[in-house]
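Here is the structure we will look at.
Note that ligands are numbered from 1 as they come in the structure, with each ligand's atoms numbered from 1 the same way. Sequential numbering from 1 along the given sequence is applied to the chain's residues. Values below: every heavy atom of this structure, side chains too, minus hydrogens, waters and symmetry copies.
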Amino acid sequence: MASLASCIFCRIIKGEIPSFKLFESDKTLAFLDINPLSRGHALVIPKHHGAKLADIPDDHLSEILASLWYPLQATGATDYNLLQNNGRIAHQVVDHVHFHMIPKPNEKEGLGIGWPQQQTDMEKLKALFEDLKSRM
Ligand code: AMP
Ligand code: ZN
């Protein structure tokens, strides 16, 4: 399993840094976020080190959704966001892939989202669609 000695989340996996571990499997770990946005805000990480999603092998990602569900159901949250940031400009601070499970109990707590939607432009959408499809 890939690991990086200087990585804070690899060190949490190894138990070198304390954390509140909620769930653990061979390939994943769920623990409480140290600066929560709301009660129960947890992180789920693959034990395989990689900075961005594309750096993690598929078989190490396959258990992530189930591992998010355990801490989620323990909070009793009915409204929540799942978030996974890649890259500094996309708000990634820790360079070990992690999924946030953030309960949204009310308007003030939990994740706030900016959603800068553009006007619908079918011509532009069609051109983009054709460009993307040609690269797949
Ligand atoms: P991101 O902006 O997606 O990279 O989020 C990184 C998250 O890791 C933040 O929400 C931090 O509060 C959290 N975090 C950083 N260090 C620790 C730690 N030692 N234990 C638990 N959570 C941490
Ligand atoms: Zn790591």
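Protein residues with any heavy atom under 4.0 Å from ligand 1: I8, F9, I12, F31, L32, D33, I34, N35, L43, N85, H91, Q92, V93, V94, H98, H100.
Among pairs with a residue in residues 109-121, those fulfilling side-chain hydrogen bond (donor to acceptor under 3.5 Å, both in side chains) read N106-E109, at least two apart in sequence or across chains.
At most 12 non-hydrogen atoms from other residues, nucleotides or ligands lie less than 6.0 angstrom from OH of Y80. Atom CD of Q73 is surrounded by more than 12 heavy atoms from other residues, nucleotides or ligands within 6.0 Å. Atom CG of D26 has 12 or fewer heavy atoms from other residues, nucleotides or ligands within 6.0 Å.
Every residue two or more places apart in sequence or in another chain that forms a side chain to side chain contact (heavy atoms under 4.5 Å, CB included) with P57 is listed here: H48, D59, H60.
The aromatic ring centres of H96 and H98 sit 6.0 Å or more apart.
A distance of 5.5 Å separates SG of C10 from NE2 of H49, quoted to the nearest 0.5 Å.
Inspection of the environment of the Zn ion (ligand 2) yields the following protein N, O or S atoms under 2.8 Å: C7 SG, C10 SG, H49 ND1, H96 ND1.
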Decide salt bridge (Lys or Arg N to Asp or Glu O under 4.0 Å) for R88 and D95; before the verdict, give the C-alpha distance in whole Å, the side-chain angles of both, and the deciding distance to 0.1 Å.
CA-CA 9 Å; R88 289 290 172 275; D95 288 335; 2.8 Å; yes

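A side-chain contact (heavy atoms from CB on, under 4.5 Å) with F9 is found for exactly one of L4, I17, L29, I45, namely I45.
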